[in-house]
Amino acid sequence: MAGPLVIKKLCSTLVVYFLHFSSLWPMCVKHLIHSLCIGEAVPTEWLEEAPETTTLVKKLSIEKASAALWFSMALAEEVGKADANHIKQ
């Protein structure tokens with residue numbers, strides 16, 4: 001797996017994507033965690049049949065769980081800063 005700096009930069013980039021295109025990625029945290037579990041990007045349609053997020057998290061390695069946590073924290077922080085009117089819905 002890539003180093004922590006690379007993972008944090010990727011998480012930041014994904015957060016920016018979400019802030020600009022939130023309507024295209026409605027279940028972003030679950031989608032990211034499911035993709036990490038599978039080991040590749042999965043179609044968003046798979047989320048309908050995916051296990052609960054808590055079940056998926058239990059299957060993650062420490063490194064993948066850290067990446068999911070970094071993404072979630074960055075997302076919460078940036079959404080908290082953003083004016084709701086600027087997030088495209």
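Everything numeric here is computed off the predicted structure, so don't read it as measured data. Just so you know, these numbers use all the heavy atoms, side chains as well, and skip hydrogens, waters and symmetry mates.
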task: Return yes if some donor-acceptor pair links the side-chain N/O of K30 with the main-chain N/O of P51 below 3.5 Å, else return no.
output: yes
query: Same cluster for L47 and V57 if Ile/Leu/Val/Met/Phe/Trp/Tyr side chains link at under 4.5 Å?
result: no
message: Quick check against the 3.5 Å criterion: does H34 have a side-chain atom that pairs as donor or acceptor with the backbone of P43?
response: no
task: Quick one: closest heavy-atom pair of F18 and W25, and the distance?
output: CE1-O, 3.5 Å
Reported CG-to-SG distance for the pair L14 and C28, which is rounded to 0.5 angstrom: 9.0 Å
message: Working to the nearest 0.5 angstrom, can you tell me the gap between L56 CG and K64 NZ?
response: 12.0 Å
message: Quick check: do F71 and I33 have side-chain heavy atoms less than 4.5 Å from each other?
response: no
query: At their closest point, which heavy atom of S35 faces which heavy atom of A41, and how far apart are they?
result: OG-CA, 3.7 Å
- line: Taking every heavy atom of S72 against every heavy atom of V29, the minimum-distance pair comes out as OG-CG1, 3.8 Å
field: Spatial distance of atom NZ (K8) from atom OG1 (T13) [nearest 0.5 Å]
entry: 14.0 Å
side-chain contact (heavy atoms from CB on, under 4.5 Å) partner of K9, chosen from I7, V6, L5: L5
query: Among the clusters formed by ILVMFWY side chains lying less than 4.5 Å apart, do L24 and L75 turn up in the same one?
result: yes
statement: Of all heavy-atom pairs linking H31 and V42, the shortest is NE2-O, 2.5 Å
task: Measure the shortest side-chain to side-chain distance between W70 and L10 over non-hydrogen atoms and say whether it is less than 4.5 angstrom.
output: no
Short side-chain to backbone donor-acceptor contact, K59 and C37, under 3.5 Å: no
